[in-house]
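Contents: one structure, followed by commentary.
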Amino acid sequence: MADLTLQSTYKLVSGFEIPALGFGVYQTPADVTEKVALKALEVGYRHIDCAKVYRNEAESAEAIRQSGLDRSKIFYTSKVPTSCMGYEQAKQAIGESLTAAKLDYIDLMLIHAPYGGKEARLGTWRALVEAQKAGKIRSLGVSNYGIQHLEELEEYIKNGGGGEITVGQYEIHPWCPREDIASWLKKRNVIVEAYSPLVQATRMEEPLLKKLAEKHGKSPAQVLVRWSLQKGYVPLPKSATESRIRENAEVFDFILSEEDMATLALDEYAPVCWDPIRDCKE
């Protein structure tokens, strides 16, 4: 873990590489997305996590073009929204995401959440597999899937559905650790991504977090990003503030001890975002 840097990557089961730290653009207004994403790329991020429902795919991709970096050096993610579940709808959504971004391919396409029922979920996956075979998408994954949804998809793949689950993306932080899901994914060499790793700044005054920040001479946000990295996850911090974009990437010069990590092993389940894992029962 000490050898991780901002340039570190992990190998996906698809064979491609994913950067160990990503930059999220959820709720970033379209009119500032290009600017902040470009700043992130200037700082050294090489991974932008977007989604159709964020309404800033075009701006995120424009930052990639304006960066002057080779396209192959930047990992770009988008997602099929819950309003587009099912084979035909998902196929259209994938095409619209490619058109909006004006990219030849998307590095990672996720199913944003498991809503819509089994037939819609598996139809959406079939559309992703087709797009992957056509070279439009390089790697496939899911977001906010409960274990029952993961097992449903795993069975479909094993029975000839095609594709591979390469990434599982979830709200993960010490107050919403999702250890059961993370364990399921890791056993299958699926990369775990952590969105809202900073708990949307709602926990920055927690005494245990502030104590660790003071101990290491870091900010509470940096401790949270570091926690995620040391769990083996790919955190996706977001910010529209240049200083914080940089700060969130300056997490490779310290290590949380086993005792520090134990301090953040909390017996809580307090997500700050939507929670399809609990809400989606079908």
Side-chain angles (χ1 to χ4, degrees), residues 12-16 18 24-27 30 33 48-62 64 75-170 185 188 190-191 193 195 273-282:
L12 296 168
V13 294
S14 60
F16 294 100
I18 184 170
V25 294
Y26 170 61
Q27 290 188 334
T33 296
I48 296 177
D49 181 78
C50 193
K52 182 175 174 61
V53 75
Y54 299 171
R55 301 182 184 277
N56 54 16
E57 289 175 302
E59 294 78 10
S60 296
E62 186 59 27
I64 294 173
F75 193 94
Y76 176 77
T77 299
S78 194
K79 308 174 186 79
V80 177
T82 59
S83 60
C84 298
M85 295 294 283
Y87 174 72
E88 291 295 344
Q89 299 95 316
K91 188 174 180 180
Q92 181 176 339
I94 293 164
E96 289 172 353
S97 286
L98 284 160
T99 299
K102 299 178 184 176
L103 295 174
D104 293 331
Y105 66 89
I106 291 171
D107 293 276
L108 173 66
M109 199 80 178
L110 306 175
I111 300 176
H112 210 148
Y115 294 116
K118 179 177 180 179
E119 183 178 349
R121 285 191 291 271
L122 298 183
T124 300
W125 186 260
R126 182 159 68 94
L128 288 176
V129 171
E130 283 188 8
Q132 184 183 41
K133 288 178 178 178
K136 298 175 182 178
I137 300 169
R138 289 190 165 180
S139 301
L140 313 179
V142 297
S143 181
N144 301 302
Y145 265 45
I147 288 177
Q148 73 273 27
H149 306 121
L150 291 167
E151 291 179 341
E152 170 190 278
L153 179 55
E154 182 178 54
E155 181 182 5
Y156 176 73
I157 291 170
K158 286 180 177 178
N159 289 333
E164 298 167 307
I165 307 172
T166 66
V167 169
Q169 185 181 117
Y170 297 85
L185 294 167
R188 293 158 175 79
V190 177
I191 292 295
E193 288 188 328
Y195 71 77
C273 302
W274 63 336
D275 194 10
I277 294 168
R278 286 203 167 178
D279 296 342
C280 183
K281 305 298 184 184
E282 59 182 338

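Throughout, numbering of the chain's residues begins at 1 and tracks the sequence. Basis for what follows: all heavy atoms, side chains included, without hydrogens, waters or symmetry-related copies.
- Within 6.0 Å of CD on Q148 lie more than 12 heavy atoms contributed by other residues, nucleotides or ligands.
- The number of heavy-atom neighbours closer than 6.0 Å to CD of E119, taken from other residues, nucleotides and ligands shown, is 12 or below.
- Using cut-offs of 30° and 60° for the angle between ring planes, the W274 and H112 rings count as perpendicular.
- Side-chain contact between F75 and I64: absent, with no pair of heavy atoms (C-beta onward) separated by less than 4.5 Å.
- Looking at every heavy atom in both residues, G163 comes nearest to I157 through O-CG2, 3.3 Å.
- Two residues are said to be in side-chain contact when any heavy atoms from C-beta on lie closer than 4.5 Å; Y76 and L103 meet this criterion.
- At a threshold of 4.5 Å between non-hydrogen side-chain atoms, the residues I94 and V80 count as touching.
- The shortest side-chain heavy-atom distance between Y170 and S143 does not fall under the 4.5 Å cut-off.
- Note on R188 versus E154: salt bridge recorded, some NZ/NE/NH1/NH2 to OD/OE distance being below 4.0 Å.
- In the displayed structure, Y26 atom OH is contacted under 6.0 Å by at most 12 heavy atoms of other residues, nucleotides or ligands.
- Put simply, the side chain of N56 never gets that close to the backbone of A30: no donor and acceptor are under 3.5 Å apart.
- Ion pair E152/R121 flagged as a salt bridge, since at least one NZ, NE, NH1 or NH2 atom sits closer than 4.0 Å to an Asp/Glu carboxylate oxygen.
- Of the charged side-chain nitrogens involved, at least one lies within less than 4.0 Å of a carboxylate oxygen, so that K79 and D49 count as a salt-bridged pair.
- Salt bridge annotation for E96-K52: present, with a cationic side-chain nitrogen under 4.0 angstrom from a carboxylate oxygen.
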For the pair Q169 and N144, evaluate side-chain hydrogen bond (donor to acceptor under 3.5 Å, both in side chains) and give the outcome as yes or no after the intermediate values.
CA-CA 6 Å; Q169 185 181 117; N144 301 302; over 6 Å; no
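- Contact annotation: the side chain of W125 approaches that of Y156 to within less than 4.5 Å [non-hydrogen atoms, C-beta and beyond].
- A donor atom on one side chain and an acceptor atom on the other are not found under 3.5 Å apart for E164 and S14.
- Contact annotation: the side chain of V142 never approaches that of V167 to less than 4.5 Å [non-hydrogen atoms, C-beta and beyond].
- Between L110 and T77, some side-chain heavy-atom pair lies under the 4.5 Å cut-off.
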Could you go through E130 and Y87, starting from their C-alpha distance and side-chain angles, then the distance that decides it, and tell me whether this counts as side-chain hydrogen bond (donor to acceptor under 3.5 Å, both in side chains)?
CA-CA 10 Å; E130 283 188 8; Y87 174 72; 2.7 Å; yes
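- You'll find the side chain of T166 stays beyond 4.5 Å of the side chain of V190, heavy atoms only.
- Environment of CG in N159: crowded, with over 12 heavy atoms of neighbouring residues, nucleotides or ligands closer than 6.0 Å.
- Summarising the geometry of T33 relative to S60, their closest heavy-atom pair is CG2-OG, 3.4 Å, with the distance given to 0.1 Å.
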